[in-house]
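Worksheet: the structure to be examined is printed underneath.
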Amino acid sequence: MTDRDRNRGRRPQRQGGSPQRSVPSDRPAEPAIPDEVSASDLDSETRRDLLTLDKSNAEAVARHLVMVADLLYEDPALALEHARAARRRATRVGVVRETAGIAAYNAGEWQEAISELRAARRITGSSSLLPLIADAERGLGRPERAIEIARSDEGRALTGDEATELRIVEAGARTDLGEPDKALVTLQLEDLSPGRTGTAAARVFYAYASALEAAGRIDDAMTWFMNASAADIDDATDAEFRLMELSVGGEPAEASSDEVSPDETALDRPVLDEPVPDKRDESAPDESSEDGAPLAALEAVEADDEVAAPAVPEVAEPEVETQTSDPVPVLTDVYDALLLDLDGTVFAGHRPVAGAVDTLRQVDRTTIFVTNNASRRPTEVAEHLVGMGFDATPDQVVTSAQSAARLLSEHLEPGSRALVLGTDGLAQEVREVGIAVTRSADDRPLAVIQGYSPDTSWATLSEAALAIRAGALWIATNVDATLPSERGLLVGNGSLVAAVANATGQEPLVAGKPAAPLMADAITRSAADKPLVIGDRLDTDIQGAHSVGLDSLLVLTGVSTPTDLLSAPPQQRPTYVAADLSGVLDAVDTVRISAKDAWRVARDGNTVSVSPTTDAPDFGALLPALAAQVWEWADADEIDLTELVVTGTSDAVRTVLAELDFDHEA
């Protein structure tokens, strides 16, 4: 048995019946096999692997393998007895050794599992068993060995489900070692789109939630356990239980470096075909600790009426000798419009981000506010902005609700009916494109349009699910898993969309970032030739800019951190990065992510050192220079981002790196 799909094909259903004993005189007693269990119950591929055996022995081995498949989760200990019996009869058959290894793994016999799985690898030459071997090393309390396997050439060469499983194991091993930040980076190589469903998505989301919990990011962990629960259509994880446990228990008490909280558990083990119980918790203590500092978001220091931006510290610019020269261009000199995200970029909840009001008052360019939040109409958004001191009109606001309504009108005839799952503001946007609104699936709507609303409930989600199951087109305003607030990240529309996807088995058309419709509407509204996208999230704002081919500026006042920036995949890499919105007034060469003459970025293995080449360097250019060089190494597969350590060669540089959360490991 090599992977989940093959295992599924090799596990016949048990028919029941009376047991009998098969005890050859030259072998130990073997476990009973019901009379009706036949060698023909085994799939043809596995039976072909047994052709090297004599007929009677091949039949006995096949019947034991059928029993292993039947009992693997129902009675792991008995399944292992059957696997051992098959192994004694056919020690040189790869599939038999593989089956014995899987049975030992499920029974928590870690050393036996490693021995059998390695034997199977030697016989078959397949690397698909590496995730199980690595996780068995974890079971023996050797997480370092698990990481070595994951980082090996064979481990890196895995693709598809096997690669995903090995990353989950590696993330668990890093959590075992008290390195949840590295576990998060490892899992960020996977597709973390909240709308995904199925066992693979559920397990990745669950692992990510577990790493967030280990890092002390409890609110984020709850969001991802919710995503895992919504994706888990086959009940492959206990995400719902974990979510309930966190909701009731709240944030666990901190554990010292020498003491492990009983609530800290290792990541789930790889799933072969059905949920695999986490036997490790029963056979070996969880060695997770809080020695590794969790990845913290950049801290905000509140001013009297603004949320201060965590940023590179301001350093007095060196004096420039008076001379005749062209002025240094800033971003607003290069672009004719700014397409601005709101939450986390311009404001956080009911407070403006520090410096945002003054910055936008200095900008002499078309400004369009582009938001994935579909709960408010443009007039309400503009009023909210004005109330915080910004200059804004409804015409400057483009929402995902508007884009979703437009998308809806392209698929339905005027006068058609759509079920609205969201606020009254979203319903009004739908009416304004000529589509009638209902809140009930009984009205047989031709479409469902779903946006965020704090009043969304089980009943309203169920109405949407009923309509979609009846064949209605489904459009989501956005799939943001979280919603920023002054208190932290709350449950976003994407998490609610995932619940409906789980109930229906369908995926929606998406209007908001990173999908193109909202960005296209913003470009049209700006009437600009060269607009710049500005936002705080790599997976929505920056990826949304890529979806329509625009340059982008990442600001570090919201969700994405400098660490996230360094590990960003190509489709989420911004053109520029700045501490906050005032970066639009910075010199283009300072904030552009590119090599800088004033900064040297060197590498020794996975340790990166940053040093200035001048006596008065521009510290605002440090992160852009660092990101450019790290991306180059990452794209050439010359550096392991999960092992990345960033250091400075002077106290001043180390101070800046510390404020960027690079004072430990990235």
Side-chain angles (χ1 to χ4, degrees), residues 306-307 309 331-332 335-406 423 425-426 429 451-452 477-478 480 483-485 492-493 511-528 530-537 540-542 544-545 547-548 550-555 557-559 578 580-585:
E306 296 183 331
V307 175
L331 283 181
T332 51
Y335 299 93
D336 56 356
L338 305 181
L339 307 184
L340 290 155
D341 174 59
L342 289 178
D343 292 323
T345 301
V346 172
F347 59 72
H350 296 282
R351 293 184 177 182
V353 169
V357 173
D358 290 339
T359 295
L360 292 184
R361 284 178 178 167
Q362 296 178 58
V363 171
D364 184 21
R365 289 290 183 269
T366 299
T367 302
I368 302 296
F369 300 102
V370 188
T371 178
N372 264 3
N373 191 329
S375 63
R376 293 173 175 170
R377 301 203 69 204
T379 52
E380 297 173 282
V381 174
E383 289 173 359
H384 184 57
L385 287 165
V386 170
M388 290 184 289
F390 295 98
D391 296 325
T393 67
D395 289 341
Q396 291 177 268
V397 179
V398 180
T399 72
S400 64
Q402 292 174 303
S403 297
R406 177 185 60 77
T423 64
L426 176 59
E429 295 292 352
Y452 171 77
T477 60
N478 68 87
D480 294 2
L483 181 67
S485 76
N493 192 53
K513 299 173 285 186
L518 176 59
M519 299 306 301
D521 287 348
I523 294 170
T524 300
R525 184 73 62 87
S526 71
K530 192 177 181 182
L532 176 69
V533 176
I534 305 173
D536 69 298
R537 295 183 68 138
T540 56
D541 306 318
I542 307 307
S547 72
V548 290
L550 297 183
D551 288 348
S552 60
L553 167 67
L554 174 71
V555 293
T557 51
V559 175
D580 54 41
L581 194 54
S582 65
V584 299
L585 303 176

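Worth knowing before you read on, the calculation uses all heavy atoms, side chains too, and leaves out hydrogens, waters and symmetry mates.
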Quick one: list whatever passes side chain to side chain contact (heavy atoms under 4.5 Å, CB included) with [X], sequence neighbours left out.
X: Ser375; result: Asn373, Thr423, Tyr452
X: Glu383; result: none
X: Ala516; result: Ser547, Val548
X: Asp391; result: Arg361

How close do [X] and [Y] get, counting heavy atoms only, and between which atoms?
X: Val398; Y: Ser403; result: CG1-OG, 4.4 Å
X: Gly451; Y: Thr477; result: CA-OG1, 3.3 Å
X: Asn493; Y: Asn478; result: ND2-O, 2.8 Å
X: Ala392; Y: Val386; result: O-CG2, 3.5 Å
X: Thr557; Y: Gly344; result: OG1-O, 2.7 Å
X: Thr359; Y: Leu581; result: CG2-O, 3.6 Å

For the atom pair [atom1] ([X]) and [atom2] ([Y]), what is the distance rounded to the nearest 0.5 Å?
X: Asp551; Y: Leu532; atom1: CG; atom2: CG; result: 6.5 Å
X: Ile534; Y: Leu550; atom1: CD1; atom2: CG; result: 11.5 Å
X: Leu554; Y: Arg537; atom1: CG; atom2: CZ; result: 11.5 Å
X: Leu338; Y: Leu360; atom1: CG; atom2: CG; result: 7.5 Å

Qualifying ring-ring contact (aromatic ring centres under 6.0 Å, His included) pairs with a residue from residues 337-365, counting only residues at least two apart or across chains: Phe347-His384, His350-His384

Output every pair passing ring-ring contact (aromatic ring centres under 6.0 Å, His included) with a member in residues 351-378, not counting sequence neighbours, ordered by first then second residue. none

Please check: side-chain N/O of [X] versus main-chain N/O of [Y], any donor-acceptor pairing under 3.5 Å?
X: Asp336; Y: Lys530; value: yes
X: Glu429; Y: Gln402; value: no
X: Asp536; Y: Val559; value: yes

For [X], which residues count as a side chain to side chain donor-acceptor pair (under 3.5 Å) partner, sequence neighbours excluded?
X: Ser400; value: none
X: Arg365; value: none
X: Arg406; value: Glu410, Asp521
X: Ser582; value: Asp580

Candidate pair Leu339 and Ser526, rule side-chain contact (heavy atoms from CB on, under 4.5 Å), full reasoning: CA-CA 8 Å; Leu339 307 184; Ser526 71; 4.1 Å; yes

Restricting to salt bridge (Lys or Arg N to Asp or Glu O under 4.0 Å), what partner residues turn up for Asp341, sequence neighbours left out? Lys513

With sequence neighbours excluded, what pairs up with Arg525 under the salt bridge (Lys or Arg N to Asp or Glu O under 4.0 Å) test? none

Given Asn372, which partner from the list Asp480, Asp343, Thr540 fulfils the side-chain hydrogen bond (donor to acceptor under 3.5 Å, both in side chains) test? Asp480

Do Thr332 and Leu585 pass the side-chain contact (heavy atoms from CB on, under 4.5 Å) test, and can you show the C-alpha distance, the side-chain angles, and the key distance before you say yes or no? CA-CA 7 Å; Thr332 51; Leu585 303 176; 4.2 Å; yes

